[in-house]
Structure formats: structure tokens, C-alpha cells
Amino acid sequence: QVQLVESGGGLVQAGGSLRLSCAASGRTFSRNDMGWFLPAPGAEREFVAAIRWSGGITYYADAMKGRFTISRDNAKNTVYLQMNSLKPEDTAVYYCTAKLYDSGSYYLSDADEYDYWGQGTQVTVSS
């Protein structure tokens, strides 16, 4: 079992910054790909950012590229999302997610690839 707890959300003015944190309780964190997602229409989830378990490889949605940075600290079992130049359209609940090791081929932009999800943290950006 992997337990994920997000924090760091809040109310910020447009152009401001926030740093989200996701603390994982599992013992396999260093081998978990990690991601951040938003709610989407229906039961879908929209990709924000992801980081692979090895090599520091990161991925971003086009709308976030250049403004958001995902990182991880394996010693702390924590993944971060640094959010800069925030816009009102960034307002959402941000969910942290973890993927167990998988030897197959997959895309981390696909929410269905992940195995564990946090409860989310609210980000509200005012005009």
C-alpha cells in the first residue's frame, strides 16, 4: 500500500506562486513514477506533470510548460510541484499519484497507468 498526502494549496493572486508537496508513506517510493493531475469532465483526469523514478526525466502538459516544475526528494519520500506565474485557469484540485514499477511501455500522461492517488489539495488563483 502507498499512502499519498498532498499539501501546499491555497489562495493566490494571478502571477503568484505556490509549491505543492506530496508525501508518500510506502517503501517503494524511489522506484515509483510520480505525477500530478487535475479533475476533468466526467471521471477523467487531466495530466499536469510527471517525473520518472530514475534519471530525473520530467514531463509537462503544454499549458504548464515553462511555469511549473516537478521534482522529487527520495530521502524524504516527497514529490513537489513548484507553480509559478499562476493564472486563474490554473484553479483546481491538484492530485498526486504514484505508479508501481512496470517493465512494459507506457505514457505517464495517462491517468490509467497510476496505482495510488492522494485526496487532492485545492489551488485557487484570483484575478
Q: Report the C-alpha distance between Cys96 and Trp36 in whole Å, list the side-chain angles of each, state the deciding distance to 0.1 Å, and finish with yes or no for side-chain contact (heavy atoms from CB on, under 4.5 Å).
A: CA-CA 5 Å; Cys96 176; Trp36 291 93; 4.0 Å; yes
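- Asn84 CG to Leu18 CG: the interatomic distance, rounded to the nearest 0.5 Å, is 9.5 Å.
- Taking the side chain as every heavy atom from C-beta outward, Leu86 and Phe68 approach each other to under 4.5 Å.
- In this structure, Trp53 and Lys99 have side chains that are not in contact, with every pair of non-hydrogen atoms separated by 4.5 Å or more.
- A donor-acceptor pair under 3.5 Å links the side-chain atoms of Thr91 to the main chain of Val125, judged by distance alone.
- For Glu46 (side chain) and Ala40 (main-chain N/O), no donor-acceptor pair under 3.5 Å exists by modelled atom type.
- By the 4.5 Å side-chain criterion applied to Ile, Leu, Val, Met, Phe, Trp and Tyr, Leu11 is assigned to no cluster and stands alone.
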Q: Give the C-alpha distance, both sets of side-chain angles, the deciding distance and a yes or no for side-chain contact (heavy atoms from CB on, under 4.5 Å) between Glu113 and Tyr107.
A: CA-CA 7 Å; Glu113 293 292 339; Tyr107 292 98; 5.8 Å; no
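- If you chain together hydrophobic residues whose side chains sit under 4.5 Å apart, Ile51 and Val5 never meet in one group.
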Q | Intermediate values then yes/no, side-chain contact (heavy atoms from CB on, under 4.5 Å), Leu38 and Met64 | A | CA-CA 12 Å; Leu38 307 177; Met64 285 76 180; 4.1 Å; yes
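- You'll find the side chain of Tyr80 stays beyond 4.5 Å of the side chain of Thr69, heavy atoms only.
- Considering every non-hydrogen atom in both Thr58 and Ile70, the closest pair reads CG2-CG2, 3.7 Å.
- Between Val93 and Pro39, the shortest heavy-atom distance links the atoms O-CD, 3.0 Å.
- Although no hydrogens or angles enter the test, the distance criterion places a donor-acceptor pair under 3.5 Å between the side chain of Asn77 and the main chain of Gly26.
- Not one N or O on the side chain of Arg52 forms a donor-acceptor pair closer than 3.5 Å with the backbone of Leu108.
- Taking each heavy atom of Met34 and Leu4 in turn, the nearest pair found is CE-CD2, 4.1 Å.
- Classification of Asp62 and Lys65 as a salt-bridged pair holds, one side-chain N sitting under 4.0 Å from a carboxylate O.
- For Tyr60, there are no ring-ring contact (aromatic ring centres under 6.0 Å, His included) partners at least two apart in sequence or on another chain.
- Interatomic distance, Arg31 CZ to Asp102 CG, rounded to the nearest 0.5 Å: 11.5 Å.
- Between the Asn32 side chain and the Ala98 main chain, no donor and acceptor come within less than 3.5 Å of each other.
- Under the 4.5 Å side-chain heavy-atom criterion for grouping Ile, Leu, Val, Met, Phe, Trp and Tyr, Tyr116 is connected to Val48 within one hydrophobic cluster.
- Between Ser21 and Thr78 the shortest heavy-atom distance is CB-CG2, 4.3 Å.
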(Q) Test side-chain contact (heavy atoms from CB on, under 4.5 Å) on Val2 and Phe29; report intermediate values, then the result. (A) CA-CA 8 Å; Val2 176; Phe29 180 80; over 6 Å; no
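- For Phe47 and Tyr59, the distance between ring centers is not under 6.0 angstrom.
- Between the side chains of Tyr106 and Asp33, at least one donor-acceptor pair of N or O atoms lies under 3.5 Å.
- The CD atom of Glu6 sits 12.5 Å away from the OH atom of Tyr94 when rounded to the nearest 0.5 Å.
- When the shell of 6.0 Å around CD of Glu89 is examined, it contains more than 12 heavy atoms from other residues, nucleotides or ligands.
- Tracing side-chain contacts under 4.5 Å through hydrophobic residues (I, L, V, M, F, W, Y), one never reaches Phe37 starting from Leu20; they form parts of separate clusters.
- Note that the OG atom of Ser30 and the OH atom of Tyr101 stand 12.5 Å from one another [nearest 0.5 Å].
- Considering all non-hydrogen atoms of both residues, Gln122 and Ala92 come closest at NE2-O, 3.4 Å.
- The CG atom of Asp112 sits 10.5 Å away from the CZ atom of Arg45 when rounded to the nearest 0.5 Å.
- Closest non-hydrogen pair, Ser85 versus Ser17, comes out as N-OG, 4.3 Å.
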